[in-house]
Amino acid sequence: MTSLIETSTGPIAYDVREQEPVGGDGDPQTIVMLPSGGHDRQDYDELRELLTPRFRTIALDWPSHGESPAGSLDGSAMSLASVASEAIALLVPGGTIVLGNSVGGYAATRVAIERPDLVRGLVIVDGGGFQPRSPSTRIFCALMSRPGFLRAIYPPFSAAYMRAKTPADARARRTAIATTRNDPGLRAVAELWRSFVSPEHDLRNQARSIAAPTLLIWGRRDPVIPRRFGRRAQRLIAGSRLVVLDTGHVPHTSDPEGVARELIAFTDLIDGAGTPEATADLDVAS
């Protein structure tokens, strides 16, 4: 069931999936899930179904996305990170595992840097903030920040980054196209792209301070944030592990089983049930 939580930008939508702990002992592990720009929390539906009974998952919709109304703050990636931090502090004040895809991965990383007390484990899925602001990047982001261009380009652009091969991929792509068809979603996504070239968006120096256990999951065929930036993030975040799956930009819709497998192993490691071998980097063909 959808609920709303008040933040500094206004209400945002979220839902909680509660499951009984294994054997009835203890509280279930909580994972907060942050989607990509243009997408909504339904991207995580298949992954959430696969997680073991001990997990409690909370998935959010960004302002002007999904079931959230338009926000009062600017739609920059930095503002979304602030919204995520506020929501996590209200929903799971004792800390949680935070997972994010694309700008959701950027937001999760920024929360881990600025509010380490809220992040028991960090999962970055094809996340932003690790790319240089090259001339070509600046030009592309400038074009994508123009609503007319963004609306026209999004159908072929989403086909390129999704590399769709599952019904969940197709659903996620339809959602992204619909979000960028009209305001307020169109304006919100355009503002996101404008923010990607801001110096404040660059997390490469700050990422070295992350102390939370970190798992990076990347799609081998992601053309938007190629896996070389996943490797860069892995080098910057001490003790992190990088897993590469044979997907595009949204691995959890293309290969939810693979993402669930890695996520469960990661949480076992945090809980002390993992082995040192589980931290090795892995390139999975699936």
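Just so you know, these numbers come straight off a predicted model, no measurement behind them.
Thr180 contributes no side-chain N or O that, together with a main-chain N or O of Tyr154, makes up a donor-acceptor pair within less than 3.5 Å. At distances below 3.5 Å, not a single donor-acceptor pair connects side-chain atoms of Ser209 with backbone N or O atoms of Ile113. Judged by distance alone, with hydrogens and angles left aside, the side-chain atoms of Thr253 form no donor-acceptor pair with the main-chain N or O of Asp43 at under 3.5 Å. Not one N or O on the side chain of Thr267 forms a donor-acceptor pair closer than 3.5 Å with the backbone of Ala265. Side-chain atoms of Glu67 do not come within 3.5 Å of backbone N or O of Ala13 as any donor-acceptor pair. Side-chain atoms of Arg115 never come within 3.5 Å of backbone atoms of Ala112 as a donor-acceptor pair (strictly under, hydrogens ignored). Looking only at distances, a side-chain donor or acceptor of Arg194 sits under 3.5 Å from a matching main-chain atom of Ser145. Listed for the Ser254 side chain is no donor-acceptor partner under 3.5 Å among the backbone atoms of Pro251. In this structure, Thr137 contributes its side chain and Arg133 its backbone to no donor-acceptor pair below 3.5 Å. Between the side chain of Thr179 and the backbone N or O of Gly38 there is at least one donor-acceptor pair closer than 3.5 Å.
In terms of hydrophobic clustering, with Ile, Leu, Val, Met, Phe, Trp and Tyr side chains grouped at heavy-atom distances under 4.5 Å, Val259 and Ile264 are assigned to a common cluster. Cluster annotation: Leu192 is not connected to Leu73 through the hydrophobic network of ILVMFWY side chains, with a link wherever side-chain heavy atoms come within less than 4.5 Å. Two different hydrophobic clusters hold Val103 and Val197 under the rule that ILVMFWY side chains link at heavy-atom gaps under 4.5 Å.
Atom CZ of Arg138 sits in a crowded spot, with more than 12 heavy atoms from other residues, nucleotides or ligands closer than 6.0 Å. Around the CG atom of Asn205, the shell of radius 6.0 Å holds no more than 12 heavy atoms that belong to other residues, nucleotides or ligands.
Using a 4.5 Å heavy-atom threshold, the side chains of His39 and His65 count as separate. Looking at Val83 and Ile12, their side chains come closer than 4.5 Å, going by heavy atoms from C-beta outward. When side chains are defined from C-beta on, Met78 counts as touching Tyr106, because their heavy atoms get closer than 4.5 Å. Annotation: side chain of Pro226 is not in contact with side chain of Gln131 (no heavy-atom distance under 4.5 Å). Side chains of Thr57 and Thr30 form no contact here, defined as non-hydrogen atoms less than 4.5 Å apart. In this structure, the side chains of Leu242 and Arg231 come closer than 4.5 Å at one or more pairs of heavy atoms. At least one side-chain heavy atom of Leu236 sits less than 4.5 Å from a side-chain heavy atom of Phe130. Taking the side chain as every heavy atom from C-beta outward, Asn101 and Pro35 never approach each other to under 4.5 Å.
When all heavy atoms of Gly71 and Ser64 are compared, the pair lying nearest together is N-OG, 4.0 Å. In plain terms, the two heavy atoms of Ile5 and Ala87 that are nearest each other are CD1-O, 4.2 Å. The two residues Pro155 and Arg173 have their closest heavy-atom pair at O-NH2, 2.7 Å. Between Trp62 and Ala107, the shortest heavy-atom distance links the atoms CH2-CB, 3.9 Å. The two residues Val98 and Ala108 make their nearest non-hydrogen contact at CG1-CB, 3.6 Å. Between Asp169 and Val250 the shortest heavy-atom distance is OD1-O, 4.3 Å.
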(Q) Between Glu86 and Ile88, is the side chain to side chain contact (heavy atoms under 4.5 Å, CB included) condition met? List the steps. (A) CA-CA 6 Å; Glu86 290 181 49; Ile88 293 166; over 6 Å; no
Q) Yes or no on side chain to side chain contact (heavy atoms under 4.5 Å, CB included) for Arg56 and Ile31, after CA distance, side-chain angles and deciding distance? A) CA-CA 6 Å; Arg56 171 179 181 256; Ile31 305 173; over 6 Å; no
Q: Step by step, work out the side chain to side chain contact (heavy atoms under 4.5 Å, CB included) result for Val16 and Glu18.
A: CA-CA 6 Å; Val16 181; Glu18 301 273 9; 3.6 Å; yes
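Between Asp268 and Arg54, at least one side-chain N (NZ, or NE/NH1/NH2) sits under 4.0 Å from a carboxylate O, which counts as a salt bridge. Of the charged side-chain nitrogens involved, none lies within less than 4.0 Å of a carboxylate oxygen, so that Arg187 and Asp74 do not count as a salt-bridged pair. Ion pairing of Arg110 with Glu200 is present here, as a side-chain N (NZ or NE/NH1/NH2) and a carboxylate O approach within less than 4.0 Å. Using a 4.0 Å cut-off between charged nitrogen and carboxylate oxygen, Asp45 and Arg17 count as a salt-bridge pair. Using a 4.0 Å cut-off between charged nitrogen and carboxylate oxygen, Arg221 and Asp246 count as a salt-bridge pair.
Looking only at atom types and distance, the side chain of Ser136 has a donor-acceptor partner in the side chain of Ser134 under 3.5 Å away. Side chains of Arg120 and Thr96: a donor-acceptor N/O pair is absent below 3.5 angstrom, by distance only.
Proximity of the aromatic rings of Phe140 and Phe157 is defined here by a centroid distance below 6.0 angstrom, and this criterion is met. A centroid separation of 6.0 Å or more is found between the aromatic rings of Trp218 and Phe229.
Separating the CG atom in Leu150 from the CE atom in Met144 is a distance of 5.0 Å, to the nearest 0.5 Å. For the atom pair Arg232 CZ and Arg227 CZ, the distance stands at 15.0 Å (nearest 0.5 Å). Rounded to the nearest 0.5 Å, atoms OG1 (Thr2) and CG (Asp61) are 7.5 Å apart. Of the inter-residue distances, the one linking Leu99 atom CG with Leu34 atom CG reads 7.5 Å to the nearest 0.5 angstrom. Interatomic distance, Ser79 OG to Glu191 CD, rounded to the nearest 0.5 Å: 8.5 Å. Annotation: the span from Leu60 atom CG to Arg41 atom CZ amounts to 8.5 Å, rounded to 0.5 Å.
The stretch residues 70-96 participates, sequence neighbours left out, in no ring-ring contact (aromatic ring centres under 6.0 Å, His included) pair at all. Residues in residues 236-255 take part in these ring-ring contact (aromatic ring centres under 6.0 Å, His included) pairs, two or more places apart or across chains: Tyr44-His252, Tyr161-His249.
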